[in-house]
Amino acid sequence: MVPLHWYLLLSSAVFVVGVAGFLTRRNIIIMFMSIELMLNAVNISLVSFSRYLSDMRGQVLVFFVIAVAAAEAAIGLAIIIALFRNKATAHVDEANEMKG
Amino acid sequence: MKILTEMPDVTALMPEIVMTCLALVLLMLDLFIRRKEITALLAIVIAAVVGFFLTGSSGTAFSGMFISDGYSSFFKLIFLVSLVLSVLISIRYIKIESVNFGEYYSLMLFSTLGMMLMASAGDIIVLYLGLELMALSLYVLAGFLRHDTKSNEASLKYFLLGAFASAFLLYGTSMIYGLTGTTNLKAIAHYLAANGVAHNPAVMLSVILFVVAFGFKIAAAPFHMWAPDVYEGAPTSVTAFMSVGPKAAGFAVFGRVFLTAFGGLQVDWAGILIPLAILTMAVGNILAISQTNIKRMLAYSSIAHAGYALIGLIAGGGNGVASMMNYLFIYAFMNIGAFGVVIMLRTEGFKGEEITDYEGLAKSHPLAAALMLVFMFSLTGIPPTAGFVGKFYLFMAAVAEGYTWLALVAVIFSAISAYFYLRIVMYMYMKEPKAEVALSTSAPHGIALAVATCAVLLIGVLPSGIIELARAAVAGF
């Protein structure tokens, strides 16, 4: 059996890739995909913990995370489309009317 | 009839069940309602019905996943009050912005439902679901002005950063789950105490990840970047709603998770929260000075107020938490009141969002100026307004727990905040009106402002009632 810490290393590596992608990429769709990557990294670690602890709670949470991520995708893409209709861009740097 | 006897006891979550059903019914009824004012009225009726059920609910459900106690009921009261006031000030405003759709009110109800779940969460799974329900509804509300690029931008920024922060919350959850084998807050506390792993680096890391995620929700610096842009771009009525309810919900989970699950580690997380609170007060109060847009200024002010409320959490104990809850309750009235006046200046073809638009308001519209004066005084914390009472009890709690220096820092930042709050008062009363400013008023709007003003002044003069309520609410925590 593959030991637990391999899974945890994979999970943290995927999470870091997601964070790095979110912070460095400027295309909204790719930033959004990076967030999904972060959520899936969490899912990996939750499932492996759940298996390792022989406890179902982690897998239950994973199902909720998947469902919420689907809802988030629906709303996120709707927001991107609303922006695209007005500005014809999917680039965050062009959504810059207010100085942050 | 075996199934019936095995039905779990759901009396604890009756308010949420009623809210879910009625919000869904409203969403469908809205198809047949032409006049959207009726939808708004129904939303208020729903809030009242939920409030009625709230008084009868207590206990836990689903083996401790859902807790209904004084703490959660007090927060739910804040959410319902802010919901009703926000609906009242929305009715005319969304007509002027020509986004008069009934879904607006349903989304507000769903968002409030999410907050109620957050306040009652006894398990991180419930907390996460409540948080996402609240946040997803708010992303849509922030972008409700579909044809306005500013609103699109606000919604996009809120969405991207909100989803980013909730991923951190989940990563912290998975870590604490791996370590303790549970997601129940009480069981986590029990495990940490029994097995002496409180100083395991994984625990500290998950505490930090929770601070990041909740800090984002309450807009504490350095996780506040989204707040000014989102508050400025979102419809003003949504800004009013979102600067009060979700912030209070963020504090509700902050208190619940940190005092229940990580209660034994208070020394450690207070060490993280103290610099956070000071930075939040500094960023909020100092950056607010240079703003020219009133929504943006109030956004920075709301960041600063998150800093003050954090002091209550840092002080901890019954007094600290009670003073934090009391402060958030008062903040709901004064902040929605201030936004209510801002909304009045919005008329067809006139934004009324610049601070210079308030020049000479006292001459043209003395009543509106007087209301703004009350809310600005309250936000500054000048007696005899409620803001003073809130701050007074917060700082007293901090002093009682030995954080005298922290209270002093907060007082200094309050003094700085007087500059930008009273600048508005100065513009209104000491300058000549430049252009004719019309006001858009309506009966519901007037009611909301009257309620907010009365609450601010009454609590300011007779604070004992609300203080006792908050203390009693914390007693069962």
Side-chain angles (χ1 to χ4, degrees), chain A residues 4 7-8 11-12 15 18-19 22-23 28 31-32 34-50 52-55 57-58 60-65 67-69 71-76 78-87 90 92 94-100, chain B residues 123-126 128-129 131-133 135-137 139-140 142-184 224-233 293 295-296:
Chain A
L4 175 69
Y7 288 108
L8 297 185
S11 152
S12 50
F15 193 82
V19 173
F22 182 85
L23 295 176
I28 299 168
M31 289 171 83
F32 188 41
S34 303
I35 292 172
E36 296 289 314
L37 213 53
M38 288 162 74
L39 292 179
N40 282 320
V42 173
N43 287 348
I44 294 172
S45 80
L46 278 173
V47 167
S48 48
F49 276 134
S50 171
Y52 175 75
L53 296 163
S54 328
D55 177 77
R57 219 175 254 263
V60 171
L61 181 50
V62 167
F63 274 113
F64 281 122
V65 173
V68 169
E72 218 166 53
I75 286 180
I79 290 170
I80 295 170
I81 288 172
L83 180 78
F84 192 81
R85 283 210 177 123
N86 290 334
K87 290 204 114 172
V92 268
E94 291 182 29
N96 59 354
E97 282 190 30
M98 296 169 287
K99 47 194 189 298
Chain B
D123 191 291
I124 303 179
I125 297 180
V126 177
Y128 173 68
L129 288 176
L131 190 134
E132 287 296 328
L133 179 57
L136 290 175
S137 315
Y139 302 149
V140 180
F144 214 74
L145 308 177
R146 270 183 309 157
H147 300 292
D148 179 25
T149 44
K150 264 189 171 183
S151 182
N152 294 153
E153 187 183 326
S155 158
L156 178 75
K157 284 181 174 164
Y158 196 22
F159 168 73
L160 282 177
L161 291 170
F164 190 63
S166 61
F168 278 97
L169 171 73
L170 282 173
Y171 204 63
T173 309
S174 89
M175 220 166 282
I176 204 82
Y177 169 68
L179 195 75
T180 63
T182 178
T183 49
N184 187 295
H224 67 285
M225 267 53 158
W226 58 277
D229 286 359
V230 174
Y231 283 24
E232 185 187 338
N293 179 305
K295 280 165 82 178
R296 227 176 150 77

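All figures in this text were calculated on a predicted structure; none of them were measured in a lab.
- In terms of heavy-atom pairs under 4.5 Å with chain B, the best-connected choice from A:K87, A:R85, A:E72 is A:E72.
- Between the side chain of A:N86 and the backbone N or O of B:R146 there is at least one donor-acceptor pair closer than 3.5 Å.
- Heavy-atom distances place no part of B:N293 under 4.5 Å from chain A, backbone and side chain included.
- A:L53 contributes atom CG, which lies 8.5 Å from atom OG1 of B:T180 (distance to the nearest 0.5 angstrom).
- With a 4.5 Å cut-off on non-hydrogen atoms, A:S50 touches chain B through its backbone and its side chain both.
- Residue B:S151 does not touch chain A at all, counting heavy-atom pairs closer than 4.5 Å.
- Chain A forms the most heavy-atom pairs under 4.5 Å with one residue out of B:G178, B:G181, B:A167, and that residue is B:G178.
- Using a 4.5 Å cut-off between heavy atoms, B:L129 contacts chain A through its side chain alone, with no backbone atom that close.
- Looking only at side-chain heavy atoms (C-beta outward), A:I79 and B:N152 stay at 4.5 Å or farther from each other.
- Contact annotation for A:L83: both backbone and side-chain heavy atoms come within less than 4.5 Å of a heavy atom of chain B.
- Taking B:T183, B:L179, B:D148 one by one and counting their heavy-atom pairs under 4.5 Å with chain A, the maximum is reached by B:T183.
- The contact between B:F159 and chain A is made entirely by side chain atoms (from C-beta outward), counting heavy-atom distances below 4.5 Å.
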Residues A:M38, B:F164; criterion side-chain contact (heavy atoms from CB on, under 4.5 Å); working and verdict: CA-CA 8 Å; A:M38 288 162 74; B:F164 190 63; 3.6 Å; yes
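- When B:I124, B:D123, B:I125 are each tested for a side-chain contact (heavy atoms from CB on, under 4.5 Å) with A:L61, only one passes: B:I125.
- A distance of 6.0 Å or more separates the ring centres of A:F64 and B:Y128.
- With rounding to the nearest 0.5 Å, the separation of CZ in A:F84 from CG in B:L156 is 13.5 Å.
- Side-chain N or O atoms of B:Y177 include one that pairs as donor or acceptor with a backbone N or O of A:G58 at under 3.5 Å.
- When the candidates A:I28, A:L4, A:V60 are compared by the number of heavy-atom contacts under 4.5 Å with chain B, A:I28 comes out ahead.
- Ring pair A:F15/B:Y171 is parallel by interplanar angle, where below 30° counts as parallel and above 60° as perpendicular.
- Both the backbone and the side chain of A:S12 come within contact range of chain B, with heavy atoms under 4.5 Å apart.
- For the set B:A154, B:S155, B:G143, the count of heavy-atom pairs under 4.5 angstrom toward chain A peaks at B:S155.
- For the atom pair OG of B:S166 and CD1 of A:I35, the computed distance is 8.0 Å after rounding to the nearest 0.5 Å.
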